[in-house]
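Computation of the quantities below employed the complete heavy-atom set of this structure, encompassing side-chain atoms and omitting hydrogens, waters and symmetry-equivalent molecules.
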Amino acid sequence: MAGFVGRSYSVGLMGIVAPGLAVNGRNNMNSHDLPLTAEDMTGEAVGQYLRAHPEFLESWLMEQVELETLERWMIRRTQRDKQKSLENDTNGKIIRKTSLSRWKFCVHADKRKMLQELTSSLYVRPNKPHVLWELTRCISSAVNADGCNLYLADLDTNTLRRYVESKDGEGDSTGWSCGVMGGEWLCGWVASSRQAVRVTYPITDPRFPKGCPFAEEQDVHHALVMAVMQSDGELAAVLELYRRRGSESFHTEDEEIVNSYLVWGGIALHYAELYHSMVKQRTLNEFILSVVKSIFQDMVSMDTLIMKVMNFAQRLVNADRASLFLVDSKNKQLYARIFDMGSECSEDNPQQSFKEIRFAIGTGIAGIVAQNGEVLNIPDAYADPRFNRTVDQLTGYVTKSILCMPIFIRGNVIGVMQMVNKASGVFNKEDEESFQMFAIYCGLALHHAKLYDKIRRSEQKYKVALEMMSYHSSCAPLELDMLSKEEVPNVLAGVDDYYFCAMNLEDMTKVRHAIYMFVDLFGLSRFEKDCLIRFTLTVKKNYRRVPYHNWTHGFSVANAMYAIIKHNPKSFRPLECLALFIGSLCHDLDHRGKNNKFMLETESPLAAIYTTSTLEHHHFNQTVTILQQEGHNIFGKLTSTEYKQVLGNIKHCILATDLALFFPNKEKLSQLVHDGQFDWDNADHRLLIEAIAMTACDLCASAKPWEMQAETVKVIFEEFYEQGDAEKAAGKNPIPMMDRTKVNEQAESQVGFLSGICIPCYELLHKLIPNTKPLLEGCKSNLQTWKKIADEKRKESKNSDGEGEEETDTGIEEVNEEEEEEGVEALQDIKDECVDGKTGT
């Protein structure tokens with residue numbers, strides 16, 4: 001102890017009375033004597049006294065010396081003893097004694113080494129059983145036990161299983177097992193109570209009469225058994241340390257040593273759990289990704305999808321058989337065509353088709369899951385009263401474990417997946433969690449497969465409907481034969497007149513005239529006569545029998561365009577002329593007698609397909625549909641480039657008949673003309689003049705002689721009134737021009753329409769194509785007539801109710817040349833009302 005007590009610590013003894021201590025030859029001092037001084041003490045004397053009085057040394061160290069200081073002293077002592085043992089050729093082995101104080105301070109280096117070993121082990125094999133095995137061996141060595149046993153807790157089956165790891169690192173937990181709650185075995189009692197047990201000859205303890213499972217073969221006499229807990233408070237394992245007969249029993253110090261090791265080992269165990277969770281999640285994510293790719297990339301049929309889902313499900317939980325039942329909500333049944341699919345079945349080796357089976361929801365395991373929407377994990381099927389053994393008895397198959405999971409979509413059960421017989425053991429919590437995530441994607445896949453099925457059926461229905469429509473909307477063979485035999489006349493007098501009247505012509509006569517106009521403009525060198533006849537007859541048939549937007553209107557617009565092209569042959573290029581004429585002929589195909597606003601407000605299917613220029617887009621698509629029918633493609637001899645150009649131009653021309661587009665087109669073109677920047681060689685400028693020409697032809701009735709104009713307005717307003725009636729039936733108020741109770745306002749409406757839209761359109765067209773002046777003059781003439789009628793109506797109204805002249809209910813005021821500046825606001829009202837009503841006269 002001379003080296004232990006130096007001068008700095010001998011000073012610390014001042015003031016302490018030490019009975020029996022001789023200093024400088026004097027006897028010891030009594031308690032009433034004066035304290036000893038440092039000069040009275042020598043190191044030898046103090047050492048002698050401390051060796052003779054160890055209890056005094058312990059008392060003084062406990063009260064006076066800090067724990068950190070004691071630790072430093074013990075580390076130095078451990079290192080010195082280790083060095084001495086190496087010098088004495090003892091291979092560095094220090095004989096351990098199970099003294100708590102000696103262990104606490106002497107094995108810091110071993111703790112460090114143990115942690116390094118555990119870390120290395122965790123890196124090489126980061127799984128919980130291996131970490132626990134290594135931890136058990138370290139603890140066994142630390143407490144100088146003769147041996148150890150490790151029992152892993154299986155929380156799914158509530159059992160303990162002995163775990164043994166071979167030299168090559170292979171673990172085995174398929175051997176001995178017992179119930180966690182079974183108190184007959186010592187390890188089971190510790191697992192259920194979570195209490196540490198130190199016992200000698202365990203079999204004599206009444207708490208666990210069976211003692212240790214391997215007591216005889218391992219000669220277990222003393223045992224220290226402790227529960228190993230996870231960070232979440234769940235039981236991870238039970239650690240059993242033993243000493244044989246003739247060895248010292250375990251003490252409290254040993255238990256504290258084990259606890260200390262478990263603190264360190266718990267960190268490794270925690271990170272092993274984290275690593276295991278991450279690996280499991282990554283594996284599951286990769287699996288789900290492959291599922292999604294496989295399912296959604298090749299969605300051929302519902303049966304194929306079900307096969308894939310069941311194959312993936314079997315692989316996911318390592319099941320022997322799989323069944324997928326779909327819910328029939330209407331009949332409250334589960335049904336399946338493919339079920340009890342074994343691992344031998346796959347896409348390459350499909351299961352033979354069986355007759356569809358059906359059973360009520362609530363019947364059997366799958367029926368109960370469909371009814372409750374809850375997972376059922378049955379480890380022993382025959383022990384569960386809900387299991388029906390009939391199928392096993394008929395097939396000879398033995399059902400052991402079942403995992404049954406509902407498949408949801410939008411909160412509703414759409415199916416039930418049933419897994420049977422896990423390859424090793426029973427279905428556990430991990431299987432449930434993995435399958436629950438898998439079931440989400442199954443639900444999405446099944447939902448999309450049903451939608452795909454519906455779409456596919458709808459597509460087939462659409463093809464059938466298209467075939468029927470093509471048959472019924474195509475021209476009659478007799479009409480085709482009759483016109484094919486006729487020769488196209490060289491001349492038809494008056495057809496090229498801007499004021500040509502088509503109202504009294506029969507429908508077939510209009511067809512003959514349309515064919516004549518086409519041949520007159522484009523000839524037949526690049527077009528087949530029969531194809532042209534067939535196309536024109538089918539166009540006629542696809543105009544509905546509505547009051548105004550019918551075949552007569554389509555023909556009249558085409559005739560007006562023919563007159564413009566005929567009188568101005570150099571204004572438009574050949575392909576542009578072709579697009580303008582065909583676009584005019586087809587511009588109102590399948591018109592329903594209602595405007596775009598009505599289609600949107602009544603949520604028409606057309607409005608769902610085309611959100612802008614609804615009817616115009618439909619007219620163009622009908623044109624394309626007719627061209628695609630067999631024997632109807634009049635552009636068949638055009639080159640690919642020409643075909644695309646003409647078709648694109650036809651679309652532009654038909655869409656231009658939407659009055660909502662007229663106003664911006666007019667503004668752009670008017671600005672170009674006003675600034676002197678209009679260029680016939682500019683493609684965009686040509687598109688603008690084409691659009692204005694289409695509007696001018698669409699409104700050509702406003703430029704016809706008065707008798708034709710008046711008759712046309714009658715049928716226009718009849719169509720408007722029919723729409724107004726439909727709006728009233730739907731609980732809406734129609735605009736005045738569509739209200740048949742306001743017939744007296746027709747004249748005012750026409751004054752506003754002609755002065756606000758038709759005149760500006762014809763004036764702009766006349767500036768660029770002077771030969772269209774008859775259209776402008778005819779329109780102005782009709783405007784004057786409407787003004788006179790409107791004046792008369794106002795006078796009649798004034799005389800009848802005595803009220804002064806005021807603005808009409810339509811919000812349209814009379815606009816003449818002298819009052820043009822005062823009519824700006826009224827013109828805006830005209831635009832809004834005309835766009836709403838598309839007053840295409």
Side-chain angles (χ1 to χ4, degrees), residues 1-23 28-29 31 33-87 92-119 135 138-139 141-144 196 198 224 226 250-268 270:
M1 291 295 294
F4 178 79
V5 181
R7 178 170 176 77
S8 62
Y9 294 102
S10 66
V11 174
L13 294 173
M14 292 171 62
I16 296 180
V17 178
L21 177 63
V23 182
N28 63 297
M29 299 173 62
S31 60
D33 292 336
L34 293 173
L36 296 176
T37 63
E39 288 76 8
D40 296 328
M41 298 182 187
T42 64
E44 183 179 352
V46 172
Q48 266 184 342
Y49 178 79
L50 293 178
R51 280 191 294 272
H53 299 85
E55 69 283 353
F56 173 79
L57 175 61
E58 181 180 351
S59 174
W60 187 85
L61 289 174
M62 294 292 288
E63 293 178 7
Q64 300 295 326
V65 181
E66 295 291 334
L67 182 62
E68 287 78 4
T69 304
L70 289 173
E71 281 192 332
R72 285 198 300 271
W73 289 349
M74 295 309 297
I75 290 171
R76 293 172 189 169
R77 176 63 184 270
T78 302
Q79 292 173 343
R80 190 185 69 179
D81 290 350
K82 188 173 183 179
Q83 185 63 33
K84 285 183 178 180
S85 66
L86 289 173
E87 293 173 357
K93 184 178 180 181
I94 301 173
I95 304 300
R96 288 192 177 90
K97 294 182 181 178
T98 57
S99 163
L100 177 62
S101 58
R102 176 174 293 277
W103 177 84
K104 269 193 172 183
F105 302 113
C106 291
V107 296
H108 278 68
D110 295 318
K111 281 185 182 179
R112 191 181 304 111
K113 183 180 179 182
M114 181 208 74
L115 187 59
Q116 290 173 347
E117 290 176 354
L118 282 177
T119 304
L135 182 62
C138 287
I139 294 174
S141 175
V143 299
N144 207 23
R198 285 181 289 109
L224 171 57
M226 298 183 70
F250 291 101
H251 300 288
T252 304
E253 290 89 341
D254 298 308
E255 190 174 326
E256 291 186 23
I257 291 171
V258 175
N259 280 327
S260 179
Y261 266 92
L262 289 179
V263 171
W264 290 92
I267 298 173
H270 175 67

When you compare the side chain of Tyr261 with that of Val143, does any pair of heavy atoms fall below 4.5 Å?
no
Validation row: Val258, Leu262 side chains within 4.5 angstrom (heavy atoms)
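Counting from C-beta outward, Val258 and Leu262 do come under 4.5 Å.
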Test side-chain contact (heavy atoms from CB on, under 4.5 Å) on Tyr49 and Leu57; report intermediate values, then the result.
CA-CA 9 Å; Tyr49 178 79; Leu57 175 61; over 6 Å; no
Which pair of non-hydrogen atoms, one from Leu61 and one from Trp73, has the smallest distance, and what is that distance?
CD2-CZ3, 4.0 Å
Let me confirm one number: the CD-NE2 distance from Gln48 to His53, rounded to the nearest 0.5 Å.
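One finds 11.5 Å between CD of Gln48 and NE2 of His53.
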Could you give the distance from CG (Asp254) to CD1 (Ile139), rounded to the nearest 0.5 Å?
11.5 Å
Surrounding CD of Glu55 (heavy atoms of other residues, nucleotides or ligands, distance under 6.0 Å), is the total greater than 12?
yes
What residues, two or more places apart in sequence or in another chain, satisfy side-chain contact (heavy atoms from CB on, under 4.5 Å) together with Ala196?
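side-chain contact (heavy atoms from CB on, under 4.5 Å) check on Ala196 returns Met226, Glu255.
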After noting the C-alpha distance and the side-chain angles of Leu50 and Val46, does the key distance pass the side-chain contact (heavy atoms from CB on, under 4.5 Å) rule?
CA-CA 6 Å; Leu50 293 178; Val46 172; 3.9 Å; yes
